[in-house]
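Below: one structure, written as structure tokens.
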Amino acid sequence: ALKALPGALQAASANAVAMTLKENKDHCTVLEPTMSVEVTIPNEMVGGVLSDLNGRRGTVSDVIVGDDAKSKSLLRGEVPLAEILGYANSLRSLTGGEGAFTAEYKG
């Protein structure tokens, strides 16, 4: 009987998932892979890079600013994997090629 009605099975499954999520919305969390990132940038570009990371749904946990105007700053935080793809090009544009970053899978 299931072979004859694959569309009905799919619709019933989708309906069951939707009802479960609606009834338990306070206890459900959507999980997505995140990356731990470290971004090294010139001091004068901290604001723009922080804004860009926030726009990518990132959370910055540490900002270490260099001692003088010519030194570098270090930003540490987490960004969803889907948002960090292609970040190298954005960082290059934001910093005129002076920024660098590393990303490591966190979970």
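For the single chain, residues carry numbers from 1 onward in sequence order.
- Of the possible polar contacts, none joining the Lys106 side chain to the Val37 backbone as a donor-acceptor pair under 3.5 Å is found.
- Through direct or relayed side-chain contacts under 4.5 Å between Ile, Leu, Val, Met, Phe, Trp and Tyr, Met19 connects to no other residue.
- Under the rule for a side chain to side chain contact (heavy atoms under 4.5 Å, CB included), the partners of Asn24 that lie at least two apart in sequence or sit in another chain are Thr20, Cys28.
- In this structure, Leu94 CG and Ile41 CD1 are separated by 9.0 Å, a value rounded to the nearest 0.5 Å.
- Remark: Arg76 pairs with Glu38, Asp62 by the salt bridge (Lys or Arg N to Asp or Glu O under 4.0 Å) rule, at least two apart or across chains.
- Annotation: ring pair (Phe, Tyr, Trp, His ring centres under 6.0 Å) contacts involving residues 73-93, sequence neighbours excluded, comprise Tyr87-Phe101.
- The salt bridge (Lys or Arg N to Asp or Glu O under 4.0 Å) test applied to Glu104 returns no partner, not counting sequence neighbours.
- Here Ile64 is tied into one hydrophobic group with Leu74, each link being a pair of ILVMFWY side chains closer than 4.5 Å.
- Residues satisfying the side chain to side chain contact (heavy atoms under 4.5 Å, CB included) test with Ala82, not counting sequence neighbours, are none.
- Other residues sharing a hydrophobic cluster with Val17 under the 4.5 Å side-chain heavy-atom criterion for ILVMFWY residues are Leu21.
- Of the inter-residue distances, the one linking Met45 atom CE with Leu75 atom CG reads 12.5 Å to the nearest 0.5 angstrom.
- The stretch residues 14-24 participates, sequence neighbours left out, in no salt bridge (charged side-chain N to carboxylate O under 4.0 Å, His left out) pair at all.
- Across all their heavy atoms, Val63 and Val60 have their closest contact at CG2-CG1, 3.8 Å.
- Applying the ring pair (Phe, Tyr, Trp, His ring centres under 6.0 Å) definition to pairs two or more places apart or across chains, none involves residues 17-64.
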Got a list of side-chain donor-acceptor pairs under 3.5 Å for residues 46-56, not counting sequence neighbours?
from: Asp52; atom 1: OD2; to: Arg56; atom 2: NE; distance (Å): 3.1
from: Asn54; atom 1: ND2; to: Leu50; atom 2: O; distance (Å): 3.3
from: Arg56; atom 1: NH1; to: Glu83; atom 2: O; distance (Å): 2.6
from: Arg56; atom 1: NH2; to: Ser90; atom 2: OG; distance (Å): 2.7

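- For Asn89, the side chain to side chain donor-acceptor pair (under 3.5 Å) criterion is met by Arg92, not counting sequence neighbours.
- Salt bridge annotation for Arg57-Glu32: present, with a cationic side-chain nitrogen under 4.0 angstrom from a carboxylate oxygen.
- Between atom OG of residue Ser73 and atom CG of residue Asn43 there is a gap of 3.5 Å, rounded to the nearest 0.5 Å.
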